[in-house]
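Reading through the structure tokens given below for one structure.
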Number of protein chains: 2
Amino acid sequence: MLLSTKGDYGVRAMIDLAKHEGEGPVQRAEIAKRRQIPESYLDHLLAQLRRAGFVRSVRGPGGGHLLAKPAEEICLLHLLEALEGSLAPLQCLDNHEPGAEAICGQEWVWQEIYDDMRRKLAAVSLAALAEHEREHERTAVVNYSI
Amino acid sequence: MLLSTKGDYGVRAMIDLAKHEGEGPVQRAEIAKRRQIPESYLDHLLAQLRRAGFVRSVRGPGGGHLLAKPAEEICLLHLLEALEGSLAPLQCLDNHEPGAEAICGQEWVWQEIYDDMRRKLAAVSLAALAEHEREHERTAVVNYSI
DNA sequence: GTATTCACGACCAATTCAGTCGACATTGTA
DNA sequence: TACAATGTCGACTGAATTGGTCGTGAATAC
Ligand code: FES
Ligand code: FES
């Protein structure tokens with residue numbers, strides 16, 4: 001498993017914020033309910049996202065959480081790296097020791113896969129994810145109404 | 001981390017066997033030394049690989065381990081899945097629950113990355129890995145001799 | 001000043017990782 | 001036949017990670 005629930009939940013929460021961009025703060029309890037995340041756990045994730053500069057939070061009545069920057073400027077790669085640390089499929093791709101190739105001749109395969117994955121994740125913005133979800137909702141409704 | 005040391009060590013061992021294909025059994029101690037794997041741990045991995053049908057083992061003096069089928073017919077995908085279980089980057093890609101898209105709109109991204117990764121791993125055979133390593137050895141020697 | 005909301009850290013149970021160890025089975029050789 | 005070399009198997013373990021819960025406290029709108 002490359003991603004723990006932390007990454008998954010964190011992205012879910014961010015998609016939720018993106019879908020309510022420009023509508024003022026969204027409360028933790030709302031996100032937790034809509035995205036099926038334990039609220040007290042979501043607390044930690046939002047804290048992490050806030051420290052990483054993706055989220056801005058407002059206290060007091062009517063408070064909640066908002067995107068700290070436009071959804072178009074947040075890509076899945078940076079988001080997940082903030083939540084999960086490195087996404088490297090193998091330890092050695094992060095801190096590469098010289099001479100490793102001699103004892104383990106498979107790094108080239110994984111390096112390529114890793115690069116490819118990062119490229120793909122970098123190409124997906126939060127705005128794209130939110131739009132994709134809206135699109136999905138529309139087709140789901142259509143299917144239901146038939 | 002998608003792969004634990006189990007997968008990495010296991011593949012290292014298999015590459016070692018592939019490089020000695022046709023030369024009779026290779027002993028655990030040799031593999032462990034060459035590939036820097038704790039020998040008693042390697043024991044478990046070889047057992048797993050044997051149960052999965054990739055390795056044949058011979059007991060007694062002069063015994064050891066060999067590939068159970070030609071190196072060309074063993075691909076990295078099946079090998080790693082035997083060692084690690086599923087390689088899915090997220091739980092939900094294995095046992096997909098209906099309705100998940102409504103609460104977590106990112107599966108499409110990961111599904112694509114996953115499919116891509118599997119395709120790449122399936123395209124790499126143990127023979128290719130062994131050959132790649134031999135090639136690397138040659139260029140390393142050349143570099144050293146300059 | 002009170003209700004609402006976020007902020008932060010302590011704590012926890014379960015699981016997985018990365019092994020180690022010891023007893024045992026098999027087989028080639030002297 | 002005895003013995004040495006080798007693989008086989010399962011029990012056990014310490015450390016880390018995962019996926020949370022809970023309680024206290026701080027900010028702020030009203
Ligand atoms: S040590 Fe890097 S792939 Fe094995
Ligand atoms: S539940 Fe599948 S990607 Fe989030």
Side-chain angles (χ1 to χ4, degrees), chain A residues 1-13 16-17 20 24-33 35-68 80 83-92, chain B residues 1-13 16-17 24-33 35-52 54-68 80 83-92:
Chain A
M1 219 61 52
L2 181 61
L3 269 63
S4 60
T5 59
K6 211 167 168 175
D8 190 32
Y9 287 170
V11 172
R12 289 191 203 180
D16 207 79
L17 293 187
H20 295 82
V26 182
Q27 281 142 33
R28 212 169 49 183
E30 282 185 65
I31 306 175
K33 189 180 165 204
R35 302 295 170 162
Q36 298 196 20
I37 306 169
E39 194 180 336
S40 41
Y41 190 35
L42 177 56
D43 186 5
H44 290 340
L45 306 181
L46 287 169
Q48 209 170 330
L49 290 165
R50 189 169 354 98
R51 279 191 296 268
F54 292 112
V55 164
R56 194 161 54 84
S57 304
V58 183
R59 295 205 238 199
H65 307 269
L66 326 84
L67 296 184
L80 282 169
L83 286 162
E84 295 274 356
S86 163
L87 297 182
L90 285 138
Q91 201 99 22
C92 62
Chain B
M1 219 61 51
L2 180 60
L3 269 64
S4 61
T5 59
K6 212 166 168 175
D8 190 32
Y9 287 171
V11 172
R12 289 191 203 180
D16 208 78
L17 293 186
V26 183
Q27 282 143 33
R28 212 170 49 181
E30 283 185 63
I31 306 175
K33 189 180 166 205
R35 301 297 169 162
Q36 297 197 20
I37 307 169
E39 193 180 337
S40 42
Y41 191 35
L42 176 57
D43 186 5
H44 290 338
L45 306 181
L46 286 169
Q48 208 170 330
L49 290 166
R50 187 168 358 97
R51 280 191 295 269
F54 292 113
V55 164
R56 194 162 55 82
S57 304
V58 183
R59 295 206 239 200
H65 308 268
L66 328 83
L67 295 184
L80 282 169
L83 287 161
E84 295 275 354
S86 162
L87 296 183
L90 284 139
Q91 200 102 20
C92 63

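Keep in mind that this is a model prediction, so the values were computed, not measured. The sequence lines fix the lettering, A, B, ..., with proteins before strands; numbering per chain opens at 1.
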Subject >> Check against salt bridge (charged side-chain N to carboxylate O under 4.0 Å, His left out), A/D16 and A/R12 >> reply: CA-CA 6 Å; A/D16 207 79; A/R12 289 191 203 180; over 6 Å; no
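Rounded to whole Å, atom P of C/dC6 lies 14 Å from atom CG of A/L49. As rounded to whole Å, 10 Å separates atom C1' of D/dG7 from atom CD of B/Q27. Across the protein-nucleic acid pair, A/L2 atom CG and C/dT16 atom C1' stand 17 Å apart, rounded to whole Å. Protein atom CZ of A/R51 is 10 Å distant from nucleotide atom P of C/dA7, rounded to whole Å. Atoms CD (B/Q48) and P (D/dC9) sit 13 Å apart, rounded to a whole Å. Distance CG (B/L3) to C1' (C/dA18): 15 Å, rounded to an integer number of Å. In this structure, NZ of A/K6 is placed 13 Å from C1' of D/dA16, rounded to the nearest angstrom. The nearest whole Å value for the distance from the CG atom in B/L42 to the C1' atom in C/dT20 is 14 Å.
Checking D/dC9, C/dA10, D/dT18 against every side-chain atom of A/S4, the shortest atom distance belongs to D/dT18. Of the candidates D/dT6, D/dA5, D/dA11, D/dA11 carries the atom nearest the B/H44 side chain, counting heavy atoms from C-beta on. Taking every side-chain heavy atom of B/P38 into account, C/dT20 is the closest of C/dT20, C/dC8, D/dC22. With D/dC9, C/dT5, D/dT8 as the choices, the nucleotide that has an atom nearest any side-chain atom of B/R59 turns out to be D/dT8. Nearest nucleotide to the A/Y41 side chain, out of D/dA27, D/dC9, D/dG19: D/dG19. Distances from the side chain of A/R50 to the nucleotides D/dG7, C/dG19, C/dC8 place C/dC8 closest. With distances taken from any side-chain atom of B/R28 to the nucleotides C/dA18, D/dT8, D/dA26, the minimum falls on D/dT8.
Contact of the B/H65 side chain with the B/R28 side chain is registered, since non-hydrogen atoms from C-beta on lie closer than 4.5 Å.
In terms of heavy atoms, B/G62 sits closest to B/P25 at O-CG, 3.8 Å.
In this structure, the side chain of B/Q48 engages the main chain of B/L83 through a donor-acceptor pair within 3.5 Å. No side-chain donor-acceptor contact under 3.5 Å links A/E39 to the backbone of A/A32.
Contact annotation: side chain of A/D43 to base of C/dC8, donor-acceptor pair present below 3.5 Å.
Comparing A/S57 and B/G62 by the nucleotide of DNA chain C whose heavy atom lies nearest to each, the residue mapping closer to the 5' end is A/S57. Mapping A/T5 and B/P61 onto DNA chain D via the closest heavy atom, the residue that lands nearer the 5' end is B/P61.
For C/dG19, the OP1/OP2 oxygens have a side-chain nitrogen or oxygen of B/Y9 closer than 4.0 Å. Dashed line: the shortest gap from a side-chain N or O of A/S40 to OP1 or OP2 of D/dG20 is not under 4.0 Å.
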